[in-house]
2 protein chains.
Amino acid sequence: MVVKGRRATQADVARLAGVSQTTVSMVLNGTGAAQRRVSAEVRERVLEAIAVTGYSANPSAQLLAGGRSSIIGVYTYEPVFPHSGGDFYYPFLEGIEDEAERSGVDLLMFTSMSGRSGKSLLSTGRVGRLRVADGCVLLGRRSYPEDLAELLRQDFPFAFVGRREAPEGQAPYAAAAYGEATRAVVERLVDLGHERIVLVNEFTGHESIEDRSRGYREAMTATGLQPVTFDAPDLESGAFLDTLQGAGVTAALVTSDLAAPLRRAAMARGLDVPRDLSIARLGDPERPNGEDVDWSGFLIPRWEMGAHALRIVLRQLTADAAAGGDLQVSIPCTLVPGATVAPRQ
Amino acid sequence: MVVKGRRATQADVARLAGVSQTTVSMVLNGTGAAQRRVSAEVRERVLEAIAVTGYSANPSAQLLAGGRSSIIGVYTYEPVFPHSGGDFYYPFLEGIEDEAERSGVDLLMFTSMSGRSGKSLLSTGRVGRLRVADGCVLLGRRSYPEDLAELLRQDFPFAFVGRREAPEGQAPYAAAAYGEATRAVVERLVDLGHERIVLVNEFTGHESIEDRSRGYREAMTATGLQPVTFDAPDLESGAFLDTLQGAGVTAALVTSDLAAPLRRAAMARGLDVPRDLSIARLGDPERPNGEDVDWSGFLIPRWEMGAHALRIVLRQLTADAAAGGDLQVSIPCTLVPGATVAPRQ
DNA sequence: CTGAAAGCGCTTACAG
DNA sequence: CTGAAAGCGCTTACAG
């Protein structure tokens with residue numbers, strides 16, 4: 001009884017059931033603001049007409065009429081599925097999808113904004129497009145403060161995966177608790193007898209690096225040790241390791257992508273890891289790099305970050321928005337003992 | 001100049017530019033049916049107002065009014081990003097996303113239909129939901145003829161990744177040319193002197209298996225050889241290999257997931273691959289299984305299948321729909337020489 | 001308990 | 001070249 005070529009509308013259903021279109025809508029939307037009740041008899045007739053016609057709501061019309069779209073956007077600052085290299089987004093998306101399925105929302109991937117690699121949303125002039133969705137999860141390696149500012153200003157529900165600082169106001173995010181995890185790693189090294197513990201950063205300025213750095217400094221200071229940080233050292237020349245040795249350093253914390261190079265550099269210098277130098281890795285790298293090393297340190301809860309980010313967006317859409325729940329969430333990292341850290345000799 | 005809380009509409013733009021809302025729409029939709037032209041001057045003003053207001057079309061309204069949403073759905077019959085195992089969808093999605101970016105459309109992942117694993121769309125009663133999008137790419141391991149039938153009947157633009165047969169009518173798809181590839185593999189084996197060449201299927205009934213089977217039978221018959229097919233053999237007991245040996249079989253074509261087991265079974269039986277038995281694999285498995293074997297056979301063009309599927313959907317949306325382009329596309333597989341096939345001894 | 005009517009933001013004939 | 005108006009299929013006050 002479905003009409004070919006044309007979808008059944010509420011009007012069709014109404015006609016068949018001998019009621020008004022309004023009534024059909026009421027039957028479907030149970031909790032009308034007016035709390036109106038349709039008589040059981042009429043409801044029955046409507047339901048039957050719906051079955052007969054194969055009616056299914058037109059989501060565009062619903063949305064236009066002020067309803068929800070049940071669509072949450074996913075904006076990534078780079079293509080999600082790159083041909084080559086990097087599963088940066090993959091584990092995050094796993095978590096997002098899982099949560100989406102559980103929450104009954106669809107995910108709109110903003111793939112249309114071509115050439116978006118590393119550009120801010122604002123600069124592409126397509127911020128408005130996000131509104132197709134009820135809210136949006138943002139993913140990107142870098143920080144885009146201007147986008148955060150704009151979205152906050154527009155009062156559009158969103159959440160970033162990873163901590164991000166907005167120029168003003170509080171940007172919602174689901175982050176990894178790098179600070180706590182780093183602190184725990186330092187404390188473990190201290191327990192193992194280390195005193196000269198340094199931090200080696202890949203780069204600086206990014207929120208995630210800042211968090212680790214803060215955790216490191218806090219833990220060192222709390223123990224009465226001197227924090228020493230090296231930013232983006234040149235590991236190719238042996239000079240850096242000479243410096244470490246000269247200073248009597250016995251343990252190093254390293255951000256993920258520098259861990260393997262540092263270890264190689266140490267070994268090239270004739271040092272044994274972990275006997276001569278303990279190395280703790282602050283987070284697993286984006287993609288397995290083939291090296292078969294049992295790293296000490298911690299893992300990034302990527303899956304949970306994705307799931308939480310979506311939950312944070314959804315929270316902003318529900319009535320209890322004002323009431324409950326922090327819009328900035330930090331998720332504990334998983335500490336791993338590993339084999340690259342040992343008691344001080 | 002963006003209003004907080006409310007999105008700019010064409011009416012807002014019109015007001016600011018001092019023109020009618022219709023004119024704004026005209027400026028945006030270039031090729032109005034009436035071929036009407038807006039004066040360069042007015043167009044300029046409108047464009048400026050658009051920039052100032054940060055206007056971006058409301059896709060729901062566009063869709064409702066009969067326009068396009070620039071959203072293409074992606075419906076997968078299982079979660080795309082499973083926690084464990086299987087990158088079945090990943091390479092397909094890479095291709096789809098790439099094509100989407102190139103074509104300027106967004107991808108709507110229908111994640112909301114929870115518990116969709118292996119269920120037909122029809123049975124979940126949410127076929128209508130697909131209409132949020134202009135069209136839809138469907139992905140799934142299995143076949144769902146009832147869905148194809150329904151979508152064809154509704155005249156909804158879609159394409160399946162992989163060949164699928166509809167109960168009646170022609171379902172659009174982007175498939176791998178398994179038949180041709182299998183034929184080429186047989187011909188190579190024949191060139192190498194093999195005569196007793198068998199086909200070993202994982203299972204049967206699926207379109208992709210049928211295609212390989214057809215290619216095998218055609219190639220064998222064309223060469224005057226006798227096609228012999230084994231469906232879902234028990235490789236654990238040695239009996240199967242005894243059968244092959246007894247029959248003087250020197251080469252076997254195997255669907256992807258059975259390749260490794262067959263090779264192991266042969267080796268367990270004291271046979272050397274490829275000296276005693278050549279094995280050609282008909283397609284790479286969904287995920288690398290760790291085995292370090294240089295398989296002879298062919299690879300499935302997953303990336304291209306994804307990209308083509310999207311293109312096929314888009315083709316149905318353009319004016320030249322009736323005119324040009326086949327909606328059923330087969331993409332050549334990549335033949336790989338490999339090391340599991342050798343001349344007959 | 002039920003319906004007529006306005007309005008969501010667009011596109012597209014139809015008039016000027 | 002430009003605009004007033006209808007209509008897409010819904011939701012939701014507002015009247016009965």
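Note on naming: letters A, B, ... go to the chains in the order of the sequence lines (proteins, then strands), and numbering restarts at 1 for each one. The structure presented is a predicted model; accordingly, all values stated were derived computationally and were not measured.
Evaluation of the salt bridge (charged side-chain N to carboxylate O under 4.0 Å, His left out) rule for A:R311 yields A:E99 as partners, not counting sequence neighbours.
In this structure, OH of A:Y55 is placed 10 Å from P of D:dG9, rounded to the nearest angstrom. If you measure from atom CZ of B:R15 to atom C1' of C:dG9, you get 12 Å, rounded to the nearest angstrom. Look at CD on A:Q21: it is 12 Å from P on D:dC8, rounded to the nearest Å. Distance CD (B:Q62) to C1' (C:dT12): 13 Å, rounded to an integer number of Å. Atom CE in A:M26 sits about 10 Å away from atom C1' in C:dG3, given to the nearest Å.
Look at B:T23 and you'll find a side-chain N or O under 4.0 angstrom from OP1 or OP2 of D:dG3. A close approach under 4.0 Å does not occur between any side-chain nitrogen or oxygen of A:Q10 and OP1 or OP2 of D:dG9. OP1 or OP2 of C:dT11 has at least one side-chain nitrogen or oxygen of B:S25 nearer than 4.0 Å.
Which of D:dC10, C:dT11, D:dG3 sits closest to the side chain of B:V19 comes down to D:dG3. Minimum atom distance to the side chain of B:L64 is reached by C:dG9, of the listed D:dG3, C:dG9, C:dG7.
Counting heavy atoms from C-beta on, the side chains of B:F110 and B:C136 come closer than 4.5 Å.
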Pairing annotation in dot-bracket form, given for DNA chain C with Watson-Crick or G-U pairs under 3.5 Å and | for cross-strand partners: |||.||||||||.|||

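For a distance-only test at 3.5 Å, the side chain of A:T22 qualifies as a donor-acceptor partner of the base of C:dA4.
Shown here is A:E146, whose CD atom has more than 12 heavy atoms of other residues, nucleotides or ligands within 6.0 Å.
A salt bridge is absent between B:E304 and B:R302; no separation between the charged side-chain nitrogens and carboxylate oxygens falls under 4.0 Å. Of the charged side-chain nitrogens involved, at least one lies within less than 4.0 Å of a carboxylate oxygen, so that B:E150 and B:R153 count as a salt-bridged pair. Between A:E41 and A:R43 there is no salt bridge, since no side-chain N of the basic residue sits under 4.0 Å from a carboxylate O of the acidic one.
Between A:Y90 and B:Y90, the distance from one ring center to the other falls under 6.0 angstrom.
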